[in-house]
Q: 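Here's a structure for you.
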Amino acid sequence: MQTVLAGILAATIGSPPEGGGDGVAHGATAMLLVPALTLLGVVLTGLCAAFRVKNKLPAWISVGLLAASFVIVLKTYLEQSTGVRIAHGFEWITFSLGQHNGGPIPFVANFSLYVDSLTLLWMLFVTGLGALIALYASEYMSHDVGAGYCRFFAAFNLFVFSMSCLVMADNLLLLFLGWEGVGLCSYLLIGYFYKKPAAVAAAKKAFIMNRIGDLGLVLGMMGTFVAFGTIQMVPLFDMISRGVDGAGQPIGGTWVEWVLPMLFTVGAFGKSAQLFFYVWLPDAMEGPTPVSALIHAATMVTAGVFLIARMMPLYTLDESHFILSAVAWSGAITAFWAATIGMAHFDIKRIMGYSTVSQLGFMFAGLGVMTSTGAAFHVFTHAFFKATLFLACGAVMHGFAGQLDLRKLSGLRKMPGWRIVALAMLVGALNLAGFPLLAGYWSKDIILAEAFVMNGPVGWILLLTAGLTAYYTFRAYFRVFEGPVEYHAGDDHHGADDHAHDRHGHDGHDGHDAHDAHAKAEHGHEGHGGHGGHGGEFHPHAPGWAINLVLTVLSVGCFAIIPLTFMGDHGGWVGTMVHHSTAHIEHAGDPALAPHGTFLGMDPHKVMYYVSGIVGFVGIAVAWWLHLAGRTSAATSRADALAAKLGPIVRGARGRWYVDEIYDFLICRPLWVLAHVFHQVDQWIVDGLVNLTGGLPRFVGATVRPSQSGELHGYAVGMAGGVAVLLIVVLLAVT
Amino acid sequence: MILLVTILIPLLAALAVALAPETRAKSIAMLGTCVALVLGGYLALQFPWDHAGEFHLGGEKAIEWLPSLGISLSLGVDGVALLLILLTLLLGPICVAASSTAITSRRRSYYAWLLVLQAAMTGVFAARDIVVFYVCFEFTLVPMFVLISLWGSTNRKRAAVKFFLYTFTGSVLALAAIVYVAAVNAAIDPASLTSLERGLHPEAGRWSFSIDALTFAAGHLSSAEQALVMAGLMLGFAVKVPLFPFHTWLPLAHTEAPTAGSVILAGVLLKLGTYGIYRFVFAFAPMAVVEYAPLVALVCIVGILYGGLICWVQTDVKKLVAYSSVAHLGFCVLGMFALNGAGLTGSIFYMINHGLSTGALFLLIGMIYERYHTRSMKELGGLAAKMPIWSTFMVFFTMASVGLPGLNGFVSEFLCLLGAFQASSAWGSGLWGSAGAMKGATLGELGPWYALIAGVGMVIGAIYLLYMVGRIVWGKLVEPHAHHDGHDAHAPVLPKDLCTREIALLLPLAALCIGLGVYPKPVLQALEEPVRFSLRGIDDVRAARPVAATPIEAARVEVTP
């Protein structure tokens with residue numbers, strides 16, 4: 001990679017960065033079409049809203065444009081998968097910071113794309129999954145056809161636009177545009193059901209938590225500019241590879257080696273819900289499920305992983321790898337922490353939400369133990385299987401009027417029309433659990449092995465977490481899809497959310513509509529084995545062709561990506577992609593340079609296949625014993641007795657370890673109180689002093705000249721008088 | 001001459017409005033502001049943007065006003081002033097159109113005062129003589145006072161009086177400082193100057209209020225005198241901006257003012273303060289500016305955090321946006337006192353962007369007030385269900401205000417923070433620490449810590465703005481129960497969601513927000529030269545400072561073998 005990059009960059013040295021230089025490989029201009037097409041999608045769906053389109057047109061527009069984007073990315077990949085190409089768009093924020101040492105100091109942030117293999121890797125699954133999930137959403141969101149439907153797809157397209165800016169940015173500022181853009185779309189889509197207070201609160205929380213991380217990214221970007229005099233990727237990586245900063249001095253000191261990576265890490269943790277920032281992601285499950293699948297599982301939340309992978313040269317400047325080992329520890333702790341909560345929850349979508357936090361922890365741990373290949377590969381496989389899992393959950397939610405409680409659903413696999421959903425769920429669950437030879441197994445295995453090589457304790461935490469993951473995943477699967485057939489409708493069947501809405505007699509186009517849900521239920525019952533609580537009243541409605549098609553494609557995809565593990569010369573297809581990008585770590589995989597950690601005295605590279613497979617089996621077996629074997633109803637299982645024995649631990653996990661409450665108590669409340677104090681201070685002290693000063697002359701004036709009116713002309717005269725007096729004083733002073 | 005015409009046209013229109021029948025008032029005002037806007041477009045076309053640092057379009061010769069005092073009606077604009085004039089002229093027709101249903105009584109005098117206000121604001125930016133500047137600056141108070149006190153809401157009298165007295169008191173201090181500099185100029189002995197200086201500054205040694213002459217005279221001030229001059233000017237302008245702790249008139253004035261008044265107040269009047277700082281404080285007291293920059297920056301940062309937090313606990317949505325101006329303009333002045341290209345460019349750009357996005361927010365709130373006659377977030381909520389178009393605009397302009405990249409607010413906020421961040425090398429090694437003239441300029445500079453703490457204001461900004469949107473746009477629909485018994489029985493019935501006129505008001509602002517966010521290059525380029533010129537005095541002061549190795553450079557020597 002270094003030679004490739006250096007070769008490309010050699011010619012650019014000395015030429016102004018904004019000119020692009022003649023040496024930088026231009027090209028991949030077709031990639032500019034991706035943001036252009038998705039932006040077109042925003043405009044078109046917006047126009048649909050303006051013209052009050054009441055059919056599925058916005059969905060087909062989106063699917064078409066996203067599919068076209070995918071084809072463009074694929075074509076670009078097939079043409080040239082290695083090397084860096086710059087596709088120049090237009091000048092965005094570009095100006096001179098003034099003259100300095102005889103020459104102008106340029107600040108350059110263009111709307112240009114930096115296309116390398118890491119970019120292509122991300123773009124392939126962003127656009128591919130984007131198109132598939134848009135197709136799924138065309139059916140899933142069908143109860144909202146109208147303004148809500150347009151709003152959904154406009155934000156959906158805007159998301160893919162922002163994500164493509166983030167991934168393909170040729171400078172940090174454009175990356176930040178995408179970064180904040182995906183945050184905005186996440187905000188708009190989490191809050192899609194805006195009449196639900198929980199959804200509004202979750203959206204707000206997500207945006208604000210992200211904003212804290214964003215502050216880190218902004219400062220990191222500024223620091224980069226101060227240190228290197230540029231925020232463009234090409235000259236930046238060139239300088240780092242040559243070991244000099246913007247002033248031509250050798251790079252050194254805590255500033256570049258520690259502070260900058262630390263700031264970027266804060267940004268990455270915010271977006272990817274790690275460590276202190278994770279609390280927004282489970283709440284984000286309030287959004288429509290396609291959104292959870294695309295944004296909060298497959299793509300947006302991996303932006304933090306992307307950021308660190310992209311900036312890896314900066315992270316590896318420090319020989320002691322202090323920041324990277326901190327990342328490894330944070331990832332491992334987050335993975336374990338989220339998994340414990342996921343084990344105790346009953347809402348299957350929340351379980352998947354915590355699982356995402358946990359799996360992101362794995363990816364960060366992978367970055368931290370310097371297997372960017374493992375991290376990127378896990379991002380890639382996770383995108384497939386977690387999207388599958390979410391979309392399967394969404395199908396359940398869609399069919400059972402919002403029901404997600406695993407105690408109220410059981411044996412869905414045996415119900416007619418649900419076979420594909422159940423199979424998709426099973427495929428996703430097996431991947432997540434790390435079932436041997438599946439894609440999720442291979443990617444997790446790389447991270448585990450490298451963790452044991454680099455950092456033993458991190459490896460043990462991750463291995464334990466892998467076991468927990470297998471357990472909670474199959475707990476959800478066994479409860480909902482296996483066992484006796486039983487179901488209860490969710491809240492949406494009652495239309496509980498829409499009372500206020502209906503009272504005002506407004507045409508309902510948003511939110512779950514009670515009548516709609518009911519009507520759909522009537523349509524969808526081509527025979528059902530329901531004998532649930534609602535008897536003849538509620539009929540689940542099995543998924544239609546779009547949902548089934550997407551689930552089938554994704555399930556097949558989960559298998560289709562397995563061979564990628566064995567392609568290429570650098571640890572699989574993803575490894576090859578990473579190898580030719582900035583994410584490549586020079587000595588990764590080189591046994592001569594890497595620390596020799598062992599797994600119980602054995603080489604982790606050789607034994608981890610077996611160990612992780614066994615751990616996965618154990619997790620699944622425990623889930624089977626506790627949640628499926630001998631279970632006769634949806635609500636109870638053998639695990640209940642165990643939970644009763646564990647008492648406080650289970651309660652703590654169910655209460656999410658009270659982290660939200662602690663934050664509320666330690667941060668939100670004090671800030672809220674401080675705001676009130678400030679407000680009172682402002683009213684009584686700051687303004688009070690002003691009023692006092694203002695009242696003083698009036699008081700004096702009132703005693704001397706009671707006729708003062710307080711009317712306008714009085715003040716105007718006073719003003720003119722004041723000016724006149726001052727002028728006279730000056731005149732006298734001079735003459 | 002064209003500048004003079006631009007000022008006179010609203011005045012003439014005001015006269016016409018005053019003489020015309022009540023029913024025609026609005027149309028004439030609309031015509032007047034539109035003609036002024038077209039003239040503004042002509043100004044922009046005529047202006048030589050490649051030389052935006054110099055003053056143009058003022059006509060060949062200044063009109064003598066009070067020759068014995070050297071006061072003349074000299075006009076001229078550089079890039080900065082012209083951009084602000086364009087903002088003023090753009091908001092003109094928007095304010096007139098925004099008032100058409102809201103103002104139902106005494107329409108003649110309302111529109112006449114509105115036009116007078118526009119003329120005065122244009123005059124402030126076009127003035128090349130400081131007395132002209134000051135007269136226009138003060139004269140903006142009178143129309144605004146009348147607008148608030150006659151067409152405001154319940155507490156309008158008190159708000160108007162407070163607004164008038166507070167800002168007036170402040171500007172008297174500024175006047176004293178100006179007069180002091182003028183006196184120094186008059187006291188210069190021409191014989192002590194070189195012949196070149198005498199040729200360039202014929203006004204030296206005589207009474208003059210030309211900005212150029214006073215800028216030259218400021219070079220004769222000692223650093224202590226400059227500190228006093230700066231204090232006087234800053235006190236005057238800080239009230240206008242308003243900077244913490246001189247801001248308490250603002251929330252009151254904003255909440256009580258009619259919609260158009262709030263838009264002008266936020267859009268342009270506050271910028272008179274920042275423009276004043278930019279134009280006069282930097283020119284008249286460069287030494288003091290360099291010395292006291294961290295102090296001013298500290299005040300700004302306090303304002304950002306304090307104002308932001310106060311926003312969060314407001315229940316009156318108009319007050320919330322008003323307090324947000326305190327926080328936002330804190331960023332603006334912070335960038336200015338970073339005393340470098342990025343910060344100053346960002347600061348000037350901020351003036352325009354704040355005018356657009358906050359002006360639009362006030363328009364939106366005004367539209368709600370016209371329909372519900374309340375501004376309380378306790379009585380309003382979930383309007384997305386009822387007013388999707390309004391809600392779309394509301395979310396859009398909120399995001400512009402939050403500083404979302406791709407919209408205008410981000411560019412300026414980022415540049416202000418970048419300016420503060422890179423103002424010194426005191427937090428790390430790098431380009432600036434090791435190179436040339438910047439070397440050792442460690443005193444009186446901002447640095448990364450300033451950017452970090454001010455950056456917390458970005459997070460708080462998101463908190464209070466999303467809180468506002470969460471309350472009034474999202475959530476369950478809440479409407480005041482009896483909103484039909486409003487006090488204006490004759491008010492035209494407005495549609496449920498926005499009407500075409502209201503959309504037409506917002507669209508140009510939205511388009512500018514996107515345009516300046518996506519392609520700010522023309523503006524940034526136009527600001528390049530004015531910023532460089534303004535920083536010349538500052539850079540001279542810095543260059544004269546003793547050079548000392550920064551701690552970081554010392555550290556670097558250790559690191560480098």
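Per chain, numbering begins at 1; letters A, B, ... match sequence-line order. Values below: every heavy atom of this structure, side chains too, minus hydrogens, waters and symmetry copies.
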Q: Flag the one option from A/Leu173, A/Leu674, A/Ile212 with the top tally of heavy-atom pairs under 4.5 Å to chain B.
A: A/Leu173

Q: Working to the nearest 0.5 Å, report the span between CE of A/Met221 and CZ of B/Phe421.
A: 10.5 Å

Q: Which bit of A/Val677 is near chain B, if near means a heavy-atom gap under 4.5 Å: side chain, backbone, both or neither?
A: neither

Q: Looking only at atom types and distance, does a side-chain atom of A/Trp92 sit under 3.5 Å from a main-chain N or O of B/Gly517, one as donor and one as acceptor?
A: yes

Q: Ignoring hydrogens, what is the shortest heavy-atom contact between A/Phe207 and B/Leu404? Give both atom names and the distance.
A: CZ-CD1, 4.4 Å

Q: For A/Val690, which atoms come within 4.5 Å of any heavy atom of chain B: side chain, backbone, both, or neither?
A: side chain

Q: Can you tell me how far the OH atom of A/Tyr192 sits from the CH2 atom of B/Trp474, to the nearest 0.5 Å?
A: 11.0 Å

Q: Please flag which part of A/Leu174 lies under 4.5 Å from any non-hydrogen atom of chain B: side chain, backbone, both or neither.
A: neither

Q: What closest approach, in Å, do B/Lys476 and A/Lys195 show between heavy atoms, and which atom pair accounts for it?
A: CG-O, 3.7 Å

Q: With rounding to the nearest 0.5 Å, note down the distance linking CH2 in B/Trp312 to NE2 in A/His676.
A: 8.5 Å

Q: Check the pair B/Val469, A/Tyr194 against side chain to side chain contact (heavy atoms under 4.5 Å, CB included), reporting the backbone distance first and the verdict last.
A: CA-CA 11 Å; B/Val469 170; A/Tyr194 60 80; over 6 Å; no

Q: To the nearest 0.5 Å, what is the distance between CG (B/Leu309) and NE2 (A/His679)?
A: 12.0 Å

Q: Check the angle between the aromatic planes of B/Phe414 and A/Phe107 and answer parallel, tilted or perpendicular using the 30° and 60° thresholds.
A: tilted

Q: Check whether A/Leu689 gets within reach of chain B through its side chain, its backbone, both or neither, counting any heavy atom under 4.5 Å.
A: neither

Q: Select one option (side chain, backbone, both, neither) describing which atoms of A/Asn210 are under 4.5 Å from chain B's heavy atoms.
A: neither

Q: So, taking the atom named OG1 in B/Thr345 and the one named CD1 in A/Ile93, what distance separates them when rounded to the nearest 0.5 Å?
A: 11.5 Å

Q: Of the backbone (N, CA, C, O) and the side chain (C-beta and beyond), which part of A/Trp672 lies under 4.5 Å from a heavy atom of chain B, both, or neither?
A: both

Q: I would like to know whether A/Met222 and B/Gln422 meet side chain to side chain contact (heavy atoms under 4.5 Å, CB included); could you show each step before the answer?
A: CA-CA 8 Å; A/Met222 291 175 180; B/Gln422 52 149 240; over 6 Å; no

Q: Need one label for B/Phe246: side chain, backbone, both or neither, based on atoms under 4.5 Å from any heavy atom in chain A.
A: neither

Q: Quick one: what part of B/Gln314 sits under 4.5 Å from any heavy atom of chain A, side chain, backbone, both or neither?
A: side chain

Q: Could you report the tightest heavy-atom contact between A/Glu180 and B/Pro405, atom names first, then the distance?
A: CB-CD, 3.3 Å

Q: Which atom pair, heavy atoms only, marks the closest approach of B/Leu524 to A/Thr94?
A: CD1-N, 4.3 Å

Q: Take A/Asp687 and B/Lys162 through the test side chain to side chain contact (heavy atoms under 4.5 Å, CB included) and record every step on the way to the result.
A: CA-CA 11 Å; A/Asp687 199 32; B/Lys162 187 166 193 168; 2.5 Å; yes

Q: List the steps and the verdict of side chain to side chain contact (heavy atoms under 4.5 Å, CB included) for B/His247 and A/Val686.
A: CA-CA 9 Å; B/His247 62 272; A/Val686 179; 4.3 Å; yes

Q: With a 6.0 Å cut-off (strictly less than), is the heavy-atom count around OH of B/Tyr467, excluding the residue itself, greater than 12?
A: yes

Q: For the residue pair A/Phe111 and B/Val518, establish whether any side-chain heavy-atom pair is separated by less than 4.5 Å.
A: no

Q: Report which part of A/Leu215 has an atom under 4.5 Å of a heavy atom belonging to chain B: side chain, backbone, both, or neither.
A: side chain

Q: I need the A/Asn691 CG to B/Arg158 CZ distance, nearest 0.5 Å.
A: 5.5 Å

Q: Which label fits B/Tyr306 and A/Phe678: parallel for a plane angle under 30°, tilted from 30 to 60°, or perpendicular past 60°?
A: tilted

Q: B/Leu344, B/Leu417, B/Val531: which one forms the most heavy-atom pairs within less than 4.5 Å of chain A?
A: B/Leu417

Q: Does some side-chain heavy atom of B/Val402 sit less than 4.5 Å from a side-chain heavy atom of A/Arg211?
A: yes

